[in-house]
Protein chains: 2
Amino acid sequence: MLSKRSQYALKALSYLTEKYKEGPVLISEIARKKKIPLKFLENILLELKLIGILDSKKGKGGGYFLIKPPSKVRVADIIRKVNGPIAMLPCVSLYFYERCKNCDEKHCALHDIMIEVRDATLNILEKRTLVDLAAMP
Amino acid sequence: MLSKRSQYALKALSYLTEKYKEGPVLISEIARKKKIPLKFLENILLELKLIGILDSKKGKGGGYFLIKPPSKVRVADIIRKVNGPIAMLPCVSLYFYERCKNCDEKHCALHDIMIEVRDATLNILEKRTLVDLAAMP
DNA sequence: CACTACCCTACCAACCGGGTAGAGTTGCTT
DNA sequence: AAGCAACTCTACCCGGTTGGTAGGGTAGTG
């Protein structure tokens, strides 16, 4: 499961994508519309800014906004940065790889299965961007 | 990512599958061979017994053993019982479903993407059993 | 009797999912 | 130019869970 933090981050980003052309959006507006605890969201948006996905403007008329066009931001990358590895095991992660101490990867059946799962997942998440998240009928 | 607990559980079960015909296996043997902290493993095996995957025998010649043929135990079910939901969001989980407070599932693009991911994952994990975990060359 | 699973307590460090207070920056108004 | 309101930003605190380490006691079985 994605952490609450990651779930909220995705929800917030999808809202910011909808409002992409309308300039800065208030934290409080996002919190209200997406039903996210205000102070927690504040913290999450700050992280997304440090990561380089969002930027913010202080003072009246301020708020948060996407720094890049939504079509350039992949869902897989957001999840990796906010939640961590997408793979189920460290020894099959592409971006967070760690060697397995208790098995030989060449002869580990668990390893093979989890690589399959990882590839199937990435095949979906790396093709999707924020644009796909905001596609509302 | 799977929790350490789940990773250890899978490793332990794959070892018990290899030794399926040889009777009870000592906790200490599993811990040594799979490099799992002994006391932590003790706790994990106990849970697997309560869940109904293992049984144990005390005294000399005792230990833990599989209660069912390895071919009857699906990897997906082990993960669900030890780790929890396989899906990335509660609102797309089959066995741990929770309604989404901040979106309408019929019009939520995130929801749709995560259902795709879930199905791709389950398509692999529900076909695999312990037999596949122990397949060593 | 020795062996082994079982069960309990206590401790620790780090992270998660929040809550609360207040300081700092900016823009608008007067 | 001053002041206020609208905002972000920073910091600290809480209870619970994760992933251990360590130790000891109990009970069933060959």
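All of these numbers come straight from a predicted model, not from anything done at the bench. Reckoned from all heavy atoms, side chains included, excluding hydrogens, waters and symmetry mates. Every chain is numbered from 1, with letters handed out A, B, ... down the list of sequences.
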Does dG20(D) have its OP1 or OP2 closer than 4.0 Å to a side-chain nitrogen or oxygen of Tyr8(B)?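 Yes, because at least one side-chain N or O of Tyr8(B) sits under 4.0 Å from OP1 or OP2 of dG20(D).
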Please determine whether a side-chain nitrogen or oxygen atom of Ser56(A) lies at a distance below 4.0 Å from atom OP1 or OP2 of dC7(D).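 So the side-chain polar atoms of Ser56(A) never come under 4.0 Å of the phosphate oxygens OP1 or OP2 of dC7(D).
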Side chain proximity check, Ile30(B) to Ile27(B), heavy atoms < 4.5 angstrom: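 Heavy-atom side-chain distance check fails, nothing below 4.5 Å.
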Is there side-chain contact between Arg5(B) and Phe40(B), with at least one heavy-atom pair below 4.5 Å?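 Of all side-chain heavy-atom pairs linking Phe40(B) with Arg5(B), at least one is under 4.5 Å.
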Grab the [atom1]-[atom2] distance between [X] and [N] for me, whole Å please.
X: Met1(B); N: dA14(C); atom1: CE; atom2: P; answer: 18 Å
X: Lys57(B); N: dA5(C); atom1: NZ; atom2: C1'; answer: 12 Å
X: Lys58(A); N: dT8(D); atom1: NZ; atom2: P; answer: 10 Å
X: Phe65(B); N: dA5(C); atom1: CZ; atom2: P; answer: 11 Å
X: Leu2(B); N: dG19(D); atom1: CG; atom2: P; answer: 10 Å
X: Lys4(A); N: dC16(C); atom1: NZ; atom2: P; answer: 15 Å
X: Ile27(B); N: dC7(C); atom1: CD1; atom2: C1'; answer: 11 Å

Cationic N near anionic O, under 4.0 Å, [X] to [Y]:
X: Lys34(B); Y: Glu29(B); answer: no
X: Glu42(B); Y: Lys39(B); answer: yes
X: Glu18(A); Y: Lys33(A); answer: no
X: Glu116(B); Y: Arg128(A); answer: yes

Does any donor atom in the side chain of Ser14(A) or Thr17(A) lie under 3.5 Å from an acceptor atom in the other side chain?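 No, no side-chain donor-acceptor pair sits under 3.5 Å.
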Using side chain to side chain contact (heavy atoms under 4.5 Å, CB included) as the criterion, point out the one residue from Val25(A), Leu46(A), Leu66(A), Ile44(A) that pairs with Leu54(A).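 Passing option: Leu66(A).
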If you assign Gly62(B) and Gly59(A) each to the DNA chain C nucleotide with the nearest heavy atom, which residue ends up on the more 5' nucleotide?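 Closest to the 5' end, via its nearest nucleotide, is Gly62(B).
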Could you check Arg5(A) against Gly61(A) and say which one's nearest nucleotide on DNA chain C is further toward the 5' end?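 Of the two residues, Arg5(A) wins.
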When you measure from every atom of DNA chain C, which of residues 82-89 of chain B have a heavy atom less than 4.0 Å away?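 DNA chain C contact set from residues 82-89 of chain B: none.
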Using heavy atoms and a sub-4.0 Å distance, could you list which residues of residues 36-49 of chain B are near DNA chain C? By number, please.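 Correct list: Lys39(B), Glu42(B), Leu46(B), Lys49(B).
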Check the surroundings of atom CD in Glu22(B): do more than 12 heavy atoms from other residues, nucleotides or ligands lie under 6.0 Å from it?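 Enclosed.
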